[in-house]
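Take a look at the structure set out below.
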Amino acid sequence: MEQRGRDAWRQRRWCVVLVAVLNLLRSGALAQIRYSVYEEVNEGTVVGNIAKDLGLDRSTLNSRGYRIVAGSNDPLFQVNTNDGILYVSRKIDREEVCERNINCVINLKSVLENPLEIHYVSVEILDVNDHSPSFPEKEKHLEIFESALPGARLQLQAARDPDGGQFSVQGYKLSHNEHFRVEVKDRGEDRKVPFLVLQKQLDRETLAKHRLVLTALDGGKSAKSGTVEINVDVLDVNDNSPVFEKEVYSATLIENTSIGSIVIQVNATDLDLDANAEIVYSFGNEVDVKLTELFSVDSLTGEIRVEGLIDFENSKSYEIDIRASDKGPVPLTADKSVIITVVDVNDNAPEIEVTSFSSTVPEDTRIGTTVALISVSDMDSGVNGKVICTVKEDAPFTLSPSLQDNMYALVTKSKLDREQMSQYHVTVVARDAGVPPLSSEKTISVVVSDVNDNYPEFSLSPYTFYINENNIAGGSVFSVKASDVDEGDNARISYQILRDGSERSKIASFLNINSESGDVLALKSLDFETLKTFNLKVVATDSGSPSLSRNVTINVFVLDQNDNTPVILYPVNANGSAEGVEEVPRNVHAGHLVTKVRAYDADIGYNGCAPNQENLPLPSIYKKQTMTGLCVTASSTDLERNATC
């Protein structure tokens, strides 16, 4: 029979019960799904297909970084990023994971990037009956007076079964005898405490020792069991047990109460006399060691005092067994449970956890884009555990609550401009509703990345340059400069001369520009006499994608240099040399016009005229008049010898 039960259990442990409780609470990209699986199933057992149940595109899971966010280094579950199947990554012991909790639910978070999505997956670990009940001791010794009346109760050590629910200890049975029976008190949380109840008066002289076997049974289909041998010694004389004044003792205790404070006082009386009526108080045999570290009981007065830190978040209530014993030769005892309810105070600040975060955000991000997902928690309860989150700074970000309790999305609330602010330090403040309120902060650094949204700008518009003619061919004649407030490639500028086939661009064909520095080079020397002025357009283009450009008009004026020799146009002789013969009458007066000399210079201004030519080698009897080109006589002497002018 037992073998068949094991075979059935082995078959069941291979069967994964998939509860597709899919609650797609769509708000942006949030969803929740629930599965269940038996404990002890093999590694690799499929729990469910998350991608299929959520309607996700399996082909994008890898590229979007699909993963399970686990809170430990040895997670119970993993997800296949190729097909979205959730599977068991190691054997699960429900009793190890959830101890004795009735509901054992593992909450997982699955995350996809680009765009950011988070889905909540709950996996319930179903119990199997894989443990037998066991007692702390193999043998238990009890003592009872022969004067004990039927109905006397002796508390026994309860059996423990690591399994929970129906597979925990469900009952006890006692080996057949005529003096005792077993009764069970249900204290909740799978705690069923057995009591040995006297049902027939004892007679020590007839039988001084009773040997009993107590069996604990769990609730499995093929129930498992554990036993303890109980040896009951029947004693004589002192036949009255202490009796507590109240049926129920209860008290309330504020957490963090100072050590030494009195919680409650119990009182018991004994109808016997002298030492048999003197009462000593102590903890019951079954009191947890941890309780003895938190509380103490005065053996004489029955006062229960605080001895350790009382923390509501660790336990909301305590049940303490107090034993009253008399001082008879063979002490009689009575046990009573004291229920202590702990009252919460606001002693825990909220905790902030950033579950997903995009550290870099483009400056052209749309309003409402999610930057980070934030969860908050507070270990307090009631209003002390109610948390409100806000953003501390006046920044272009705000918190948007999600459908999941205490979950927020940090989203953009206005346009970003990297050129105005390239990085934000956003402080999230979580404050509870307690009195006084407690708060905590967490700072998130968000970097605004650049996009190509600014045109290059020239330092001047238009440019005007003056260049001397006869410049060195191939040398730089002038330079232009543009800047871009973007960064990186978006701010790297290249220059080019606009050549659109127009007459202007043809004139500037002998110019070239350095694409990096903006220096403009003349490929040949300029000649003022040929080209006095021209203009061109230079285009500055950044390296962004798509690129942006700006052009500027450049006006260039060529400055004249004295690079041309004057040419005498008159008088000239037959072979073209500047030489002439003029006849002058005799006895002319001074100032008489002899001839006119005409000359031409291609230069302009001072480079093209000779306002004072007094140093010309003329005979002394002649004088050249300034600016007229006239030759006149200065005196009438030696006229014959100086007839040539």
Would you confirm whether Arg431, through its side chain, and Ile388, through its main-chain N or O, come within 3.5 Å as a donor-acceptor pair? no

Can you confirm whether the side chains of Tyr455 and Asp542 place a donor and an acceptor under 3.5 Å from each other? no

Give every donor-acceptor pair under 3.5 Å between a side-chain atom in residues 342-352 and any protein atom, sequence neighbours left out.
residue : atom : partner : partner atom : Å
Asp344  : OD2  : Ser381  : N            : 3.0
Asp344  : OD2  : Ser381  : OG           : 3.3
Asp344  : OD2  : Asn384  : ND2          : 3.3
Asn346  : ND2  : Asp432  : OD1          : 3.1
Asn346  : ND2  : Asp432  : OD2          : 3.3
Asn346  : ND2  : Pro436  : O            : 3.0
Asp347  : OD2  : Asn256  : ND2          : 3.0
Asn348  : ND2  : Glu313  : OE1          : 3.0
Asn348  : ND2  : Glu313  : OE2          : 3.4
Asn348  : ND2  : Asp380  : OD1          : 3.0

Would you say Thr541's side chain and Ser549's backbone share a donor-acceptor pair under 3.5 angstrom? no

Can you tell whether the side chains of Asp83 and Arg58 come within less than 4.0 Å, N to carboxylate O? no

Please give me the minimum heavy-atom distance between Asp484 and Asn454, naming the atom from each residue. OD2-O, 3.1 Å

Atom OH in Tyr408, atom CG in Leu399: separation rounded to 0.5 Å? 7.5 Å

Pairing residues for Tyr318 by the ring pair (Phe, Tyr, Trp, His ring centres under 6.0 Å) criterion, not counting sequence neighbours: Phe295

Could you tell me whether the side chain of Ile125 reaches within less than 4.5 Å of the side chain of Val123, counting heavy atoms only? yes

With rounding to the nearest 0.5 angstrom, report the CD1 to CG distance, Ile513 to Leu498. 11.5 Å

Any pair with a residue in residues 356-370 that passes side-chain hydrogen bond (donor to acceptor under 3.5 Å, both in side chains), sequence neighbours left out, goes on the list, sorted by first then second residue, please. none

Rounded to the nearest 0.5 Å, how far does CG of Asp486 lie from CG of Asp450? 4.0 Å

Which pair of non-hydrogen atoms, one from Glu117 and one from Leu56, has the smallest distance, and what is that distance? OE1-CD2, 4.1 Å

Check this for me: Gln423, atom CD, are more than 12 non-hydrogen atoms of other residues, nucleotides or ligands nearer than 6.0 Å? yes

For Thr443 and His425, which I'm curious about, is there any donor-acceptor pair between the side chains at under 3.5 Å? no

Show the nearest heavy-atom pair for residues Asp519 and Ser476, with the distance to one decimal. CB-OG, 4.0 Å

Go through the structure and list residues passing ring pair (Phe, Tyr, Trp, His ring centres under 6.0 Å) with Tyr463, not counting sequence neighbours. Phe465

Run the side-chain contact (heavy atoms from CB on, under 4.5 Å) check on Arg90 and Phe77 step by step: do they pass? CA-CA 7 Å; Arg90 63 181 176 89; Phe77 304 95; over 6 Å; no

State plainly whether the residues Lys224 and Asp218 are in salt-bridge range, i.e. N to O under 4.0 Å. no

Could you report the tightest heavy-atom contact between Pro456 and Ala540, atom names first, then the distance? CG-O, 3.7 Å

If you round to the nearest 0.5 Å, how far is CG of Leu108 from CD1 of Ile50? 7.5 Å

For Lys413, does the NZ atom sit with more than 12 other heavy atoms under 6.0 Å from it, leaving out its own atoms? yes

Of all residues at least two apart in sequence or in a different chain, which pass the disulfide bond (SG atoms under 2.5 Å apart) check with Cys389? none

Distance-minimising heavy-atom pair for Val79 and Tyr66: CG2-CE2, 3.6 Å

Spell out, as yes or no, whether a donor-acceptor pair under 3.5 Å connects the side chain of Thr355 to the backbone of Leu373. yes

side-chain hydrogen bond (donor to acceptor under 3.5 Å, both in side chains) partner of Thr427, the single match among Glu393, Glu441, Lys442: Glu393

Sequence neighbours left out, what passes ring pair (Phe, Tyr, Trp, His ring centres under 6.0 Å) with Phe397? Give chain and number order. Tyr424

Around atom CD1 of Ile339, are there more than 12 heavy atoms of other residues, nucleotides or ligands at under 6.0 Å? yes

Between Ser110 (side chain) and His119 (backbone), is there a donor-acceptor pair under 3.5 Å? yes

Could you tell me whether the side chain of Ser315 and the main chain of Ser317 form a donor-acceptor pair under 3.5 Å? yes

Hey, does Ile497 have a side-chain heavy atom less than 4.5 Å from the side chain of Leu511? yes

Shortest non-hydrogen pair, Pro194 vs Lys192, comes out as CD-O, 3.6 Å

Examine distances only and state if a side-chain atom of Ser543 and a backbone atom of Arg492 form a donor-acceptor pair shorter than 3.5 Å. yes

Could you tell me whether the side chain of Ser89 and the main chain of Leu76 form a donor-acceptor pair under 3.5 Å? yes

Keeping the roles fixed (side chain from Ser63, backbone from Thr60), state whether a donor-acceptor pair exists under 3.5 Å. yes

Does a side-chain N-to-carboxylate-O contact under 4.0 Å join Lys91 and Glu43? no

Is a donor on one side and an acceptor on the other found under 3.5 Å between the side chain of Thr412 and the backbone of Gly368? yes

